[in-house]
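Inspection log for the structure reproduced underneath, given as structure tokens.
Here the structure is a predicted model, which is why all the values come from computation and not from measurement. Along the sequence shown, residues are numbered consecutively beginning with 1.
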Amino acid sequence: MATTPEMRLSRASVLRYAASIEDLRKIAARKLPRMVFDYIDGASGDEATARRNRSGFDHFLLQPEILVDVSAVDLGCELLGERIAMPLVIGPTGLNGAYWPHGDLCLARAARAEDIPFVMSTAATVRLERLAQAAGPLRWFQLYMFKDRGLVRALLERVRQNGFSVLQLTVDTPVPGRRNRDICNGFSLPFRWTVRNLMDTARHPLWAARMLGAGTPNLELFAEFVGKTPHGSTIGEVLQQQISRSLTWEDLAWLRQEWGGKLVLKGVSAPGHIRMALANGLDGVVVSNHGGRQLDGAPSTIELLPRLADAAAGSKLAILVDSGFRHGADIAKALALGADGVQLGRPTLYGLAAAGEAGVRHALRILREDLERALALSGARQVAEIRGRATRSPGSPGTDFPPRARHPG
């Protein structure tokens, strides 16, 4: 769809008054039909895990520091053997074309411009080759293990040929979480148009015009390898038609043999998972509860992080964490508690829905500036210097866990 001067002006005006990720969230809520916004914003069950992901940050405090020369704060760091501009990764999210035309490409281009990794999802709405052309050299791929290993092998070969350097295997979705908002909204593939959805869409003419110009979003990559257009009453049901429910630790040996690059396990939540990851020769993990979209009632990832980072002490295992991050101070706390980087989901999607690629870059700019400010006020001039500079707040559960040093990797 062609971009008109009026649309460009509107986009710039929107971002001028978006000072936080929450501001972008509110803009996204206004711009998207309810069924689409709720797909981004919603979580499973009563959404208790999603709420805890946010409240969990209150259990940790950063220590302000004074009289330190912080005239130059460097956010650059190394992650999985690659130099990146800041300890952030745009994580894998599905159906991004529903929020903005060619949303996967917008996210990938924004990551390239900011010199951080982008993770392409198995549930992407563009083909692999097209995404590889838009993304920069820091391109990673997220894999759901299909029941058919032949399909997985063919997919991995294409991923390798297109220059993806890191593979993230998602392991916390043997069955889909029950996402009540999606059920109530009738959010399905293909979109199921009801009178209520049509009326809601009519109240969002710009979104409707964009979708009309770009075409109805579909899980293009998934459909290509499965060989048919996916259909289901919910997105989770669509994926579960092909995802293996029998995946175990023993299967990692097969994947390690098939994939020669860096291998990361996404969805770990216990020290035992870290020990098994080390035993299986993995390069990294993502401490994740899927943004609260799977098991409702689970702990927040920031609460789990200190013990998991402690379990990786002395190793080269990269520790990433996601779920619930909205502020630079949140990211600083994660780095202080032992994470090597933070993987983003909803923050960049809110930006995408608000203003496309420009909105994604605006979200990253907000987080970068807030993180730099948090480090400076904590007396840290480099990312590594914030390690260990967070404590549990008085009266919060647990004890202090100053993470032991780990080898860089």
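- Of the possible polar contacts, none joining the Thr125 side chain to the Gly94 backbone as a donor-acceptor pair under 3.5 Å is found.
- Under the side-chain hydrogen bond (donor to acceptor under 3.5 Å, both in side chains) test applied with Asp41, the options Arg25, Arg34, Arg346 reduce to a single match, Arg25.
- Using a cutoff of 4.0 Å between basic side-chain nitrogens and carboxylate oxygens, Arg326 and Glu22 are not scored as salt-bridged.
- Remark: the backbone N or O of Leu282 is not paired with any side-chain donor or acceptor of Arg256 at under 3.5 angstrom.
- Looking at Arg130 and Asp104, no side-chain N of the basic residue comes within less than 4.0 Å of a carboxylate O on the acidic one, giving no salt bridge.
- Not one N or O on the side chain of Lys266 forms a donor-acceptor pair closer than 3.5 Å with the backbone of Val286.
- Of the possible polar contacts, one joining the Arg139 side chain to the Asn162 backbone as a donor-acceptor pair under 3.5 Å is found.
- Looking at Val264 and Leu80, their side chains come closer than 4.5 Å, going by heavy atoms from C-beta outward.
- In summary, of the residues considered (Arg109, His102, His362), a side-chain hydrogen bond (donor to acceptor under 3.5 Å, both in side chains) with Glu357 occurs for Arg109 alone.
- The main-chain N or O of Gly76 is found under 3.5 Å from a side-chain atom of Asp74 such that the two form a donor-acceptor pair.
- The environment of CZ in Arg389 is crowded: more than 12 heavy-atom neighbours from other residues, nucleotides or ligands sit within 6.0 Å.
- Annotation for Arg245: atom CZ does not count as buried by contact number, only 12 or fewer foreign heavy atoms lying within 6.0 Å.
- Looking at Val36 and Trp207, their side chains come closer than 4.5 Å, going by heavy atoms from C-beta outward.
- The side-chain hydrogen bond (donor to acceptor under 3.5 Å, both in side chains) test with Asn289 is passed by exactly one of Thr49, Asn53, Asp322: Asn53.
- Here the side chains of Leu377 and Val70 are not in contact, with every heavy-atom distance at 4.5 Å or above.
- Side-chain polar atoms of Asp58 and Ser55 form no donor-acceptor pair below 3.5 angstrom.
- In this structure, Arg160 contributes its side chain and Gly261 its backbone to no donor-acceptor pair below 3.5 Å.
- Annotation: side chain of Trp249 is in contact with side chain of Leu265 (closest heavy-atom distance under 4.5 Å).
- Val89 places a side-chain heavy atom less than 4.5 Å from the side chain of Leu79.
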Practice prompt. Walk me through it: do Glu114 and Arg365 pass the test salt bridge (Lys or Arg N to Asp or Glu O under 4.0 Å)?
Written response: CA-CA 9 Å; Glu114 299 296 331; Arg365 189 178 308 117; 5.1 Å; no
>> As a quick check of understanding, evaluate salt bridge (Lys or Arg N to Asp or Glu O under 4.0 Å) for Arg179 and Asp38, giving each step before the final call.
In response: CA-CA 10 Å; Arg179 300 170 194 169; Asp38 279 353; over 6 Å; no
*Given the rule in the salt bridge (Lys or Arg N to Asp or Glu O under 4.0 Å) test, do Lys333 and Asp330 qualify, once you have shown the distances and angles that lead to the verdict?*
CA-CA 5 Å; Lys333 289 177 182 180; Asp330 300 339; 5.2 Å; no
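- With hydrogens and angles ignored, the 3.5 Å screen pairs a side-chain donor or acceptor of Gln294 with a backbone N or O of Asp172.
- Inter-residue side-chain proximity for Leu308 and Val285 is flagged as unmet; no heavy-atom pair is nearer than 4.5 Å.
- Ion pairing between a basic and an acidic side chain is recognised when a charged N comes within 4.0 Å of a carboxylate O; Glu224 and Arg158 show such pairing.
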How far apart are the C-alpha atoms of Arg387 and Asp340, what are their side-chain angles, what is the distance that settles it, and do they pass the salt bridge (Lys or Arg N to Asp or Glu O under 4.0 Å) test? CA-CA 9 Å; Arg387 181 66 60 86; Asp340 297 297; 3.6 Å; yes
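- Inter-residue side-chain proximity for Thr201 and Met211 is flagged as unmet; no heavy-atom pair is nearer than 4.5 Å.
- With 3.5 Å as the limit, one finds no donor-acceptor pair spanning the side chains of Ser44 and Asp296.
- Counting non-hydrogen atoms of neighbouring residues, nucleotides and ligands closer than 6.0 angstrom, the CD atom of Glu129 exceeds 12 such neighbours.
- Looking only at distances, no side-chain donor or acceptor of Ser323 sits under 3.5 Å from a matching main-chain atom of Thr301.
- Ring pair Phe57/Phe325 is perpendicular by interplanar angle, where above 60° counts as perpendicular and below 30° as parallel.
- Side-chain atoms of Arg54 come within 3.5 Å of backbone N or O of Gly324 as a donor-acceptor pair.
- The closest side-chain heavy-atom distance from Arg52 to Glu303 is below 4.5 Å.
- Counting non-hydrogen atoms of other residues, nucleotides and ligands closer than 6.0 Å to CZ of Arg149 gives a total above 12.
- Listed for the His204 side chain is a donor-acceptor partner under 3.5 Å among the backbone atoms of Arg30.
- Aromatic ring orientation, Phe187 versus Tyr39: tilted (interplanar angle from 30° to 60°).
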